Protein chains: 2
Amino acid sequence: MEKEVKKISIAVIKRLPKYHRYLGELIQKDVEKISSRKLSEMMGLTASQIRQDLNNFGGFGQQGYGYNVKDLYREISKILGLHNKYNFVIIGAGNLGQAIANYHGFSEKGFHLKGIFDINPKIIGMKIHEVQVMDIDKLEEFIYTENIDIAVICVPKENAQEVADRLNKTNIKGIWNFAPVDLRVRKDTVLEQVHLSDSLLTLSYKINEKLLQERQEKIRQRRDIPGHPLKSIKT
Amino acid sequence: MEKEVKKISIAVIKRLPKYHRYLGELIQKDVEKISSRKLSEMMGLTASQIRQDLNNFGGFGQQGYGYNVKDLYREISKILGLHNKYNFVIIGAGNLGQAIANYHGFSEKGFHLKGIFDINPKIIGMKIHEVQVMDIDKLEEFIYTENIDIAVICVPKENAQEVADRLNKTNIKGIWNFAPVDLRVRKDTVLEQVHLSDSLLTLSYKINEKLLQERQEKIRQRRDIPGHPLKSIKT
DNA sequence: TAACAATTGACAAAAATTTGACAATTCAGT
DNA sequence: ACTGAATTGTCAAATTTTTGTCAATTGTTA
């Protein structure tokens, strides 16, 4: 009778948006059903992994048939919480804040931009994407009166924690952080960080790694020409 | 004599930029040495993991002392390939492209913005961050003559693959993709994707998960009041 | 209606990742 | 110079994640 709360691993969670994205595309192409094998070929995963992932949440498929695309899309949407509507504010109306404000994909997923805040008097009062930029002094009050669920932090890294501290005193549900610092937040606030420069450094690592490999490859070739081929090296 | 090329796992690679970031902060605070334990407390990892991660690349520490911050920073910079200089272009001068062009952190890490490309005649000719926006027709030629290493894709998802296809015919080393699609690229081109909306959906998942947990918590409490406490449930 | 191909869900095996433990070493204080 | 506390690098154990396999089920075709 005891309902076990199965803990879903973060690895699985991180793949859910990707499933959602691919299923959305299949719907657009009027595809009715999909097998884990075909999906795995499209997405570059194993079929086994897809079936295992989905089974964390329930048996959505049918033996001998596969998965109904629309049904599965709906299920994953629900798992992702996209049946909820979210109100969000952007804090920091610099280039990145403006870029996010102007991104159109969010509202159709149920995320509604309600306000933009900045500290710079020159920017306050401007209109971005139908929303006026407000003085950051008004932040807490606005969150309260407008029922804001999510705050997007786009301020410089020096000010990010101080903004987070202010948010921690409100009843905000989630923080989407773009400042290049790891924020400390209240335990019951959800935090999702986007570290763009970390991503760029990862790219740099991979480029460099490839350069090193190529260099080594050349040395190996030169050595191989006269003699017998070496036994294959694990990559 | 055979030099084994140790394969570094992607999990480790993804943590390197974070080490780099924290060590950079320590340098700014004039901290000379750091132990894996202190670093683990700062970063929210285990000390064991940090030591293990770093040992993939060499023994940078000293028993009984710890790690010299500057040395370790320098080593990790090198591992990340930051001793190289990279020339990059941005393709798509919309809000996001402009935000990236204006971000100051890149050039100090050795990434130099050389050109911005767009298809929109109204934008072509504009100057962003000292760089003129050029017609996308000139892309391939520019990559060749200016020795461009990295292309940043900031075009709408409908055009992203077509841009990637064009890049695949050049000798570009890496692609940093912000369009919400998984690009197909040549095997010898390095790809790093930033899926902002995936990240937002992950946030949505976590918020929703927390809501469900709270709801269940309340039910459990109500049930517990009269009787004996249930045995603890694994979280 | 029977036979066959396709496919899931479940389980077990395999692989990868993280954690724990400890000998060896270093530094600081006396 | 000696002692004790701190700390690394390494190995093995524990845990988590991914992959492979197969019975059971379904839809399709002859």
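Reckoned from all heavy atoms, side chains included, excluding hydrogens, waters and symmetry mates. A note on names: the letters A, B, ... follow the listed sequences, proteins ahead of strands, and every chain is numbered from 1. As the structure is a computational prediction, the values presented were derived from the model and not from experiment.
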Using 4.0 Å as the upper bound for N to carboxylate O, is an ion pair formed by A:K14 and A:E192?
yes
Taking the cut-offs as 6.0 angstrom to the six-membered ring centre and 45 degrees off its axis, would you call A:K33 and A:Y65 a cation-pi pair? yes
Are A:W176 and A:Y86, when compared by the centres of their aromatic rings, separated by less than 6.0 Å?
no
| Looking only at side-chain N and O atoms, does B:S36 come under 4.0 Å of OP1 or OP2 in D:dT8? | yes
TODO: Taking the six-membered ring for Trp and the full ring for Phe, Tyr or His, determine whether the centres of A:Y73 and A:H20 are under 6.0 Å apart.
DONE: yes
CD1 of A:I175 to CZ of A:R186, rounded to nearest 0.5 Å, is 9.0 Å
With side chain to side chain contact (heavy atoms under 4.5 Å, CB included) as the criterion, how do A:S9 and A:V12 come out once you've worked through the C-alpha distance, each side chain's angles and the decisive distance to 0.1 Å? CA-CA 5 Å; A:S9 85; A:V12 175; 3.4 Å; yes
So CG of A:L26 and CG of A:L72: to nearest 0.5 Å the spacing works out to 9.5 Å
Taken to the nearest whole Å, CG/A:D53 to P/C:dG9 is 12 Å
Do A:Y22 and B:D182 have side-chain N/O donor and acceptor atoms under 3.5 Å apart?
yes
5' to 3', nucleotides 25-30 of chain C under a 4.0 Å protein heavy-atom cut-off (B base, S sugar-phosphate only, - none) gives BBS---
Name the pairs: protein N/O against N/O of nucleotides 10-17 of chain D, kept only if under 3.5 Å.
unit_1 : atom_1 : unit_2 : atom_2 : d
D:dT10 : OP2    : B:N55  : ND2    : 2.6
D:dC11 : N4     : B:Q52  : OE1    : 3.2

When you measure from the side-chain N and O atoms of A:S35 to the phosphate of C:dA6, is any distance below 4.0 Å, counting only OP1 and OP2?
no
